[in-house]
Colleague: 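This is the structure I have questions about; it appears just below.
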Amino acid sequence: MAGGGYVPDSGTKQFQGRVTGFVLIACIVAACGGLIFGYDIGISGGVTSMDSFLSKFFPSVYRKEKEGHHESMYCKFDSHLLTLFTSSLYLAALFASAVAAYVTKVFGRKISMLFGGIVFLAGAILNGVAVDVAMLIVGRLLLGVGVGFANQSVPLYLSEMAPSQLRGALNIGFQMAITIGILVAGLINFTFASKDWGWRASLGLAAVPAIMITVGSIFLPDTPNSILARGNTEKAREMLKKIRGTDNVDEEFQDLIDATHAAMRVDGQWSTILKPEYRPHLAICFLVPFFQQFTGINVIMFYAPVLFKTLGFGDDASLMSAVITGLVNVFATFISILAVDRLGRRALFLEGGIQMIVSQVLVAVMIAKAFGSAGVGVMSKADSLLVLILICFYVAAFAWSWGPLGWLVPSEICPLEIRSAGQAINVAVNMAFTFIIGQFFLTMLCHMKFGLFLFFACWVVVMTLFIYFFLPETKNVPIEEMNNVWRKHWFWGQYIPDDAVIGTASSTKIKDMEA
Ligand SMILES: OC[C@H]1O[C@](O)(CO)[C@@H](O)[C@@H]1O
């Protein structure tokens with residue numbers, strides 16, 4: 001088979017141990033870090049469409065929206081000031097992720113989650129009681145820092161705690177929490193939109209998931225990998241026994257030792273990840289989040305209410321449609337949890353990609369038919385319902401492929417010595433392109449019209465081909481043995497030297513480490 005179709009079942013180890021209640025609870029609490037991110041994604045689109053919020057903080061935008069009748073429906077909502085409110089958070093998260101990478105490595109995953117939770121809580125409170133734009137913006141920046149820290153630490157935490165045969169499912173808990181956050185935010189917007197103080201409730205309630213992750217992370221244990229990396233061998237071994245529910249952890253622990261030793265041999269993560277032998281990791285950690293955002297998903301997540309209004313739905317129906325896409329998002333992410341360690345990552349990526357392309361092309365055709373390139377016309381009730389169904393079809397495809405795998409794959413492919421750096425690149429690139437799409441989508445819609453959906457469809461074609469040729473299958477491969485997979489890949493194999501493979505004769509033994 002062409003491309004990355006390496007099947008890892010032969011030659012990779014399966015370790016002893018089961019999924020303990022302890023590891024499950026730790027992962028559920030940690031995944032709540034995704035709630036704060038999701039809540040924020042889902043809340044801002046609804047809040048910025050509330051009259052009470054607009055008239056208080058953005059009176060000029062409010063007046064323009066009430067008075068102005070732009071001749072083209074594609075350009076009705078094009079306002080940079082307003083989109084900056086939504087997107088500024090992701091800019092803060094982008095810068096925070098660089099600091100978070102350092103904290104996560106030096107102080108551990110747990111401290112990083114705790115810090116993220118506290119800062120996010122401060123931001124939520126500030127937003128809920130805001131009396132002027134300055135408070136709103138400072139609050140947004142704090143939320144962004146919190147999201148940067150949580151997105152950095154939680155996926156790593158989940159991948160390291162999970163036994164390899166369940167790593168995919170447990171890691172997807174993070175994306176699951178994101179989608180639940182988006183859905184809950186949609187419901188809260190729907191409930192409070194008509195109240196004068198609705199926006200305060202919507203923004204202030206972000207404190208609830210913030211408290212969950214803050215309190216939760218006080219009680220979470222750190223991962224064996226991270227404890228070991230900070231020099232505490234015995235404690236790390238005890239933690240591994242505890243989370244695997246068996247005393248027979250020698251083989252897995254040996255892998256951790258090897259990985260830690262390899263990590264200690266490198267001078268700095270950032271110069272290390274730039275070396276040729278880490279080219280596949282660097283490429284994946286950059287391209288996967290970039291591609292994830294260029295599926296166009298946040299056009300739907302941020303602006304679904306606006307989009308559906310544009311298609312002729314009423315105010316309530318538009319907010320309700322956002323709830324419907326939110327439900328589909330949660331449900332399909334759950335399917336991914338069930339499928340990812342059985343079907344594998346590649347199958348989900350490839351199927352999801354094809355399904356997204358078909359839906360995007362059909363949506364473009366229907367919008368073109370109704371509004372042409374001038375942006376005038378109406379869409380019949382039946383047709384707008386069909387567009388809603390197609391969008392649900394698209395969201396489902398994203399939610400079992402690029403959504404969860406966008407976090408899982410970069411977090412599981414990197415050896416320990418570059419894991420924090422790889423994850424920081426992943427988060428930073430994700431945040432950068434979330435910011436760009438959030439900030440420029442409405443302007444792009446105004447200029448590219450229905451072609452915008454074709455633009456994203458073309459990107460999905462590119463990324464689906466990329467997966468086919470360049471992403472090897474990683475299901476069931478123990479995390480510290482991933483270099484075996486890269487070495488056997490038709491293209492990336494050339495970059496991986498023999499001694500980079502954990503478990504080879506040259507690797508360090510436990511007793512050396514303990515000496
Ligand atoms: O569920 C959709 C959400 O998932 C993400 O892609 C993160 O993985 C967000 O950017 C998006 O809003």
Side-chain angles (χ1 to χ4, degrees), residues 31 33-46 83 86-87 89-91 93-94 97 143-144 147-148 150-152 154-155 158 168 171-186 189 209 285 287-307 322-337 340 345 348-349 352-353 356 391-411 423 426-441 456 459-460 463:
L35 274 184
I36 62 178
F37 180 30
Y39 188 85
D40 201 86
I41 292 167
I43 212 73
S44 38
T83 47
T86 301
S87 56
L89 184 151
Y90 302 97
L91 213 51
L94 169 63
S97 60
L143 293 179
V147 166
N151 286 4
Q152 169 72 20
V154 172
L158 294 171
N171 185 286
I172 292 179
F174 180 63
Q175 179 72 12
M176 187 80 198
I178 294 177
T179 61
I180 292 174
I182 296 175
L183 175 64
V184 170
N189 278 338
C285 287
L287 285 174
V288 165
F290 167 81
F291 284 147
Q292 190 208 52
Q293 289 307 310
F294 271 79
T295 56
I297 187 66
N298 279 324
V299 167
I300 307 297
M301 294 302 142
F302 289 149
Y303 300 113
V306 170
L307 198 71
V323 174
I324 294 173
T325 53
L327 268 172
V328 171
N329 198 14
V330 173
F331 184 68
T333 304
F334 186 68
I335 293 182
S336 192
I337 290 186
V340 71
R345 285 71 167 142
L348 290 176
F349 267 129
M356 280 194 280
I391 288 181
C392 288
F393 200 58
Y394 160 80
V395 169
F398 173 86
W400 59 56
S401 60
W402 282 91
L405 301 181
W407 299 107
L408 172 63
V409 170
S411 79
Q423 181 65 5
N426 181 28
V427 175
V429 173
N430 197 303
M431 293 300 111
F433 288 99
T434 303
F435 167 77
I436 287 171
I437 302 274
Q439 184 61 29
F440 298 110
F441 160 69
F456 286 122
W459 275 110
V460 183
M463 63 189 81

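Side chains included, hydrogens not; waters and symmetry mates left out as well; all remaining heavy atoms used. Counting starts at 1 for both ligands and their atoms, in listed order.
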Colleague: If the test is side chain to side chain contact (heavy atoms under 4.5 Å, CB included), which one of Thr325, Asn329, Val330 qualifies with Ile182?
Modeller: Asn329

Colleague: Quick check, are the ring centers of Trp459 and Phe290 under 6.0 angstrom apart?
Modeller: yes

Colleague: Please list, in number order, the atoms of ligand 1 under 4.0 Å from a heavy atom of Gln292.
Modeller: 6 (O), 7 (C), 8 (O)

Colleague: Check whether any side-chain N or O of Gln423 sits under 3.5 Å from a backbone N or O of Asn151 as a donor-acceptor pair, and report yes or no.
Modeller: yes

Colleague: State the atoms of ligand 1, each with its element, that fall below the 4.0 Å cut-off from a heavy-atom position in Asn298.
Modeller: 9 (C), 10 (O), 11 (C), 12 (O)

Colleague: Determine, using heavy atoms of Gly403 and all atoms of ligand 1, whether some pair is separated by less than 4.0 Å.
Modeller: yes

Colleague: So which heavy atom in the protein is nearest atom 4 (O) of ligand 1, and how far is it from that ligand atom?
Modeller: Gln175 NE2, 3.0 Å

Colleague: Identify, with sequence neighbours excluded, every residue that meets side chain to side chain donor-acceptor pair (under 3.5 Å) alongside Asp40.
Modeller: Arg140

Colleague: Just to verify, what does Phe393 make a ring-ring contact (aromatic ring centres under 6.0 Å, His included) with, not counting sequence neighbours?
Modeller: none

Colleague: Number the atoms of ligand 1 from 1 as they appear, then name those within less than 4.0 Å of a heavy atom of Asn329, with their elements.
Modeller: 1 (O), 2 (C)

Colleague: Find all atoms of ligand 1 within a distance of less than 4.0 Å from any non-hydrogen atom belonging to Met301, and give their numbers and elements.
Modeller: 2 (C), 12 (O)

Colleague: Heavy-atom contact check, 4.0 Å cutoff: does Phe398 meet ligand 1?
Modeller: yes

Colleague: Is the shortest N/O to N/O distance between Thr434 and ligand 1 below 3.5 Å?
Modeller: no

Colleague: Is there a donor-acceptor pair closer than 3.5 Å between any side-chain N or O of Ser336 and the backbone N or O of Trp400?
Modeller: yes

Colleague: Tell me the closest heavy-atom pair linking Val288 and Pro410, and the distance in Å.
Modeller: CG1-CG, 4.0 Å

Colleague: Out of all atoms in ligand 1, which are within 4.0 Å of some heavy atom of Ile182? Include the element for each.
Modeller: 1 (O), 2 (C), 3 (C)

Colleague: Counting each atom of ligand 1 from 1 as listed, which ones have a heavy atom of Thr179 under 4.0 Å away?
Modeller: 1 (O)

Colleague: Strictly under 6.0 Å, is that where the ring centroids of Phe302 and Tyr90 end up?
Modeller: yes

Colleague: For atom 7 (C) of ligand 1, grab the closest protein heavy atom and report residue, atom and distance to one decimal in Å.
Modeller: Trp407 NE1, 3.5 Å

